[in-house]
Amino acid sequence: MITIKLKYQVEKDDFMKAGQASSNLKKVLKQLGINSKIVRKIAIATYEAEMNIIIHSEGGSIDASIDPEKVKIIVRDRGPGIKDIELAMKAGYSTASQKVRELGFGAGMGLPNIKRCCDEFAIRSSFGEYTELSITIYHSGNNTEEGGE
Amino acid sequence: MRTVKGLISRLDLELVAGEKAIGNDIKSVYIGDLLSWVMSHVKQKDVWITIQTNINVVAVAALGEVSCVIIAEGAEIEEITIKKAEQEDIPLLRSNLSAYDLAVEINKYLELK
């Protein structure tokens with residue numbers, strides 16, 4: 001398998017298309033025969049990241065590269081950035097608006113969920129500028145349905 | 001095997017969308033309305049009971065690979081959600097029962113000999 005690169009643009013406040021990037025990535029990973037438990041983890045992490053862009057940012061993109069060993073996802077938005085990353089990583093902490101909460105989001109579980117689902121996680125943010133997540137999930141050796149957790 | 005189809009007839013559920021996938025089998029039940037909480041806790045082949053009816057329910061159901069979604073207590077479902085569930089082949093059902101009563105009834109169905 002060669003490295004496959006996918007790019008998705010995600011727009012601010014676009015709840016109608018929410019989940020499209022993660023659904024598309026999930027389909028590709030399934031077609032590649034990657035273990036379904038691993039695919040599920042990647043889909044959850046990507047979905048949370050996608051929702052974060054829609055809910056909290058000015059828009060951004062999700063870049064996925066899939067190689068024979070791992071899936072690496074870079075999520076980058078155009079701001080406004082996170083003031084206190086440690087606080088943002090805390091389960092249950094959210095800055096989501098009431099309107100967003102009424103849609104069922106804003107549980108403060110997004111970033112913790114992403115971290116839980118992946119093998120390597122990094123978050124960088126410059127307040128007022130951007131937030132970037134780097135998410136890596138290894139799948140090699142797990143390419144059969146018997147593998148996995 | 002326990003299927004969505006079996007559940008629909010036993011609990012007299014209203015089939016709102018996703019008829020093509022009512023052959024899905026069911027293993028357990030999950031109840032929740034906070035989407036990102038549901039996303040991280042729901043399991044494959046769960047029946048997901050919620051009162052949340054916006055379009056994002058369908059994305060969570062599809063990514064979480066649930067067998068079906070039941071909207072409890074007869075909550076009104078947005079048209080766009082119904083369309084999306086149809087597109088994604090997610091059985092979308094509705095009942096006047098509460099989430100608790102639904103779970104109790106589903107449990108009886110799952111434990112049928």
Side-chain angles (χ1 to χ4, degrees), chain A residues 10 13-30 35-56 88 91-94 96 99-118 145 148-149, chain B residues 17-18 20-21 24-25 27-28 30-46 48-67 69-73 75-92 94 99:
Chain A
V10 182
D13 287 331
D14 193 355
F15 286 93
M16 290 298 145
K17 286 191 189 149
Q20 275 193 2
S22 19
S23 297
N24 183 279
L25 177 61
K26 184 180 177 184
K27 274 174 200 152
V28 173
L29 296 170
K30 273 195 159 175
N35 171 277
S36 62
K37 280 184 181 158
I38 306 264
V39 171
R40 199 181 142 86
K41 284 186 181 178
I42 298 168
I44 292 174
T46 314
Y47 179 73
E48 295 290 5
E50 190 177 355
M51 291 319 302
N52 278 348
I53 297 178
I54 294 170
I55 294 168
H56 299 289
Y93 176 81
S94 177
K99 181 191 146 231
V100 165
R101 285 171 202 258
E102 277 166 16
L103 291 173
F105 298 104
M109 294 303 292
L111 289 173
N113 274 354
I114 295 172
K115 195 176 177 190
R116 198 177 51 91
C117 285
C118 66
E145 290 301 318
E149 288 172 332
Chain B
K20 265 195 269 173
N24 287 352
D25 49 331
K27 287 242 167 84
S28 188
Y30 190 82
I31 304 174
D33 305 316
L34 271 174
L35 299 186
S36 121
W37 193 277
V38 173
M39 189 76 204
S40 62
H41 292 87
V42 77
K43 294 191 183 67
Q44 221 176 6
K45 298 183 181 175
D46 274 352
W48 174 25
I49 305 172
T50 183
I51 48 155
Q52 197 68 254
T53 63
N54 67 71
I55 185 171
N56 300 290
V57 166
V58 180
V60 172
L63 289 164
E65 296 175 353
V66 303
S67 53
V69 180
I70 307 180
I71 306 299
E73 297 180 332
E76 198 172 314
I77 307 174
E78 293 173 30
E79 196 55 41
I80 185 104
T81 307
I82 297 171
K83 269 190 196 152
K84 189 77 181 170
E86 202 63 64
Q87 267 172 27
E88 297 281 327
D89 289 332
I90 302 290
L92 183 61
R94 180 162 47 191

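Just so you know, these numbers come straight off a predicted model, no measurement behind them. Order of the sequence lines sets the chain letters (A, B, ...), proteins ahead of strands, with each chain counted from 1.
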Self-check item: Structural part of A:Glu102 lying under 4.5 Å from a heavy atom of chain B
Solution: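 Answer is backbone: N, CA, C or O of A:Glu102 sit under 4.5 Å from chain B.
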Quiz item: So which part of A:Lys30 gets closer than 4.5 Å to some heavy atom of chain B, the side chain, the backbone, both or neither?
Solution: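 Side chain only.
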Exercise. Find the one option among A:Gln20, A:Arg40, A:Met51 whose heavy-atom pairs under 4.5 Å with chain B are most numerous.
Key: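 Sorted descending by pairs with chain B, the first entry is A:Arg40.
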Practice problem: Provide the closest heavy-atom pair for A:Asn113 versus B:Ser36 in the form atom of the first, atom of the second, distance. | Solution: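 Reported closest heavy-atom pair: ND2-O, 3.2 Å.
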Self-check item: A:Leu103 to B:Leu35 - nearest heavy-atom pair and separation
Solution: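 Heavy atoms of A:Leu103 and B:Leu35 come nearest at O-CD1, 3.5 Å.
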Exercise. Using a strict 4.0 Å threshold on nitrogen-to-oxygen distance, state whether A:Lys26 and B:Glu88 make a salt bridge.
Key: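 No, A:Lys26 and B:Glu88 are not salt-bridged.
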Quiz item: So how far is it from A:Cys117 SG to B:Met39 CE, rounded to the nearest 0.5 Å?
Solution: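 If I round to the nearest 0.5 Å, the distance is 8.0 Å.
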Self-check item: Proximity breakdown for B:Ile80 and chain A, heavy-atom pairs closer than 4.5 Å
Solution: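 Just the side chain, heavy atoms under 4.5 Å.
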Self-check item: Those residues of residues 48-60 of chain B, ordered by number, that approach chain A below 4.5 Å (heavy atom to heavy atom)
Solution: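 Heavy-atom contacts from residues 48-60 of chain B to chain A are B:Gln52, B:Asn54, B:Ile55, B:Asn56, B:Ala59, B:Val60.
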Self-check item: Listed partners of B:Arg94 passing side chain to side chain donor-acceptor pair (under 3.5 Å), at least two apart
Solution: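 Here the qualifying residues are B:Glu14.
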